[in-house]
Amino acid sequence: QVQLVESGGGSVQPGGSLTLSCAASGSMFSIDVMGWYRQAPGGQRELVATITSGGSTNYADSVKGRFTISRDNAKKTVGLQMNSLKPEDTAVYYCYCQARSFSSSYPRPYWGQGTRVTVSS
């Protein structure tokens with residue numbers, strides 16, 4: 001029912017910046033949490049940042065001070081501003097949301113297809 005589409009991935013040099021964006025569509029009662037996870041080559045999927053509908057944020061220690069997450073509740077979008085990028089930030093970044101349908105009182109997770117970010121010289 002809920003679909004997530006990411007955009008903004010690409011290649012950048014160390015120290016550069018990229019902005020990711022994700023738009024949610026479909027029928028839903030509410031989106032409690034939106035965020036970003038990433039998976040490096042050969043690695044596990046890990047939390048990057050999340051933001052609640054009220055604006056409360058949570059960041060992985062590895063990106064604090066460099067990344068900023070934001071959302072537009074009306075447009076059902078979430079963004080990730082990534083600054084001072086490092087080679088270790090190279091990964092596929094997945095958009096995530098925790099949403100409630102009209103028929104369910106509990107939230108369910110939804111995932112985007114992912115967008116690749118490569119940081120290298």
Side-chain angles (χ1 to χ4, degrees):
Q1 195 83 93
V2 178
Q3 296 180 348
L4 300 174
V5 180
E6 305 103 330
S7 62
S11 297
V12 66
Q13 296 185 173
S17 299
L18 278 176
T19 302
L20 304 183
S21 183
C22 175
S25 63
S27 298
M28 67 204 80
F29 179 74
S30 65
I31 304 176
D32 300 325
V33 180
M34 300 188 81
W36 296 90
Y37 287 70
R38 68 187 182 186
Q39 187 169 12
Q44 301 275 29
R45 188 173 298 186
E46 63 178 6
L47 169 75
V48 177
T50 60
I51 183 168
T52 69
S53 59
S56 179
T57 59
N58 183 44
Y59 295 93
D61 289 340
S62 60
V63 307
K64 286 181 179 178
R66 299 188 298 121
F67 292 9
T68 302
I69 190 170
S70 62
R71 69 184 283 174
D72 187 321
N73 291 334
K75 295 181 179 180
K76 300 178 182 178
T77 60
V78 61
L80 185 69
Q81 178 64 49
M82 304 185 292
N83 298 323
S84 302
L85 283 162
K86 304 174 180 179
E88 49 262 47
D89 294 318
T90 296
V92 176
Y93 285 70
Y94 295 91
C95 182
Y96 163 84
C97 81
Q98 180 179 296
R100 302 172 187 266
S101 69
F102 289 101
S103 61
S104 178
S105 62
Y106 65 92
R108 296 172 183 261
Y110 298 91
W111 297 92
Q113 292 185 329
T115 184
R116 187 176 300 276
V117 172
T118 302
V119 184
S120 67
S121 299

Nearest 0.5 Å, what's the [atom1]-[atom2] distance between [X] and [Y]?
X: Ile69; Y: Trp36; atom1: CD1; atom2: CH2; result: 8.0 Å
X: Phe102; Y: Met28; atom1: CZ; atom2: CE; result: 8.5 Å
X: Arg71; Y: Thr57; atom1: CZ; atom2: OG1; result: 12.0 Å
X: Leu4; Y: Cys95; atom1: CG; atom2: SG; result: 4.5 Å
X: Gln13; Y: Leu85; atom1: CD; atom2: CG; result: 11.5 Å
X: Ser62; Y: Arg38; atom1: OG; atom2: CZ; result: 4.5 Å

Report yes or no: do [X] and [Y] belong to one cluster of Ile/Leu/Val/Met/Phe/Trp/Tyr joined by side chain heavy-atom distances under 4.5 Å?
X: Phe67; Y: Tyr37; answer: no
X: Met82; Y: Val12; answer: yes
X: Tyr59; Y: Tyr96; answer: no
X: Val2; Y: Ile31; answer: yes
X: Leu47; Y: Leu80; answer: no

Side chains of Ser101 and Ser27 in contact at under 4.5 Å (non-hydrogen atoms):
no
Give a yes or no on whether the backbone of Phe29 and the side-chain of Arg100 come within a donor-acceptor separation of less than 3.5 Å.
no
Enumerate donor-acceptor pairs with a distance under 3.5 Å from any side-chain N or O in residues 107-119 to protein atoms, sequence neighbours excluded.
{"from": "Arg108", "atom 1": "NH2", "to": "Tyr106", "atom 2": "OH", "distance (Å)": "2.6"}
{"from": "Thr115", "atom 1": "OG1", "to": "Gly9", "atom 2": "N", "distance (Å)": "3.3"}

Evaluate side-chain contact (heavy atoms from CB on, under 4.5 Å) for Tyr93 paired with Glu6, printing each intermediate quantity in order.
CA-CA 9 Å; Tyr93 285 70; Glu6 305 103 330; over 6 Å; no
Side chains of residues 16-24: which donor-acceptor partners sit under 3.5 Å, not counting sequence neighbours?
{"from": "Ser17", "atom 1": "OG", "to": "Asn83", "atom 2": "OD1", "distance (Å)": "2.9"}
{"from": "Thr19", "atom 1": "OG1", "to": "Gln81", "atom 2": "OE1", "distance (Å)": "2.6"}

For a quick test of reading the model, state the closest non-hydrogen atom pair linking Ile51 to Ser70 and the distance between them.
CD1-CA, 4.1 Å
In terms of heavy-atom contacts, does CD of Gln44 have more than 12 from other residues, nucleotides or ligands at under 6.0 Å?
no
Is the shortest side-chain N to carboxylate O distance from Lys86 to Asp89 below 4.0 Å?
no
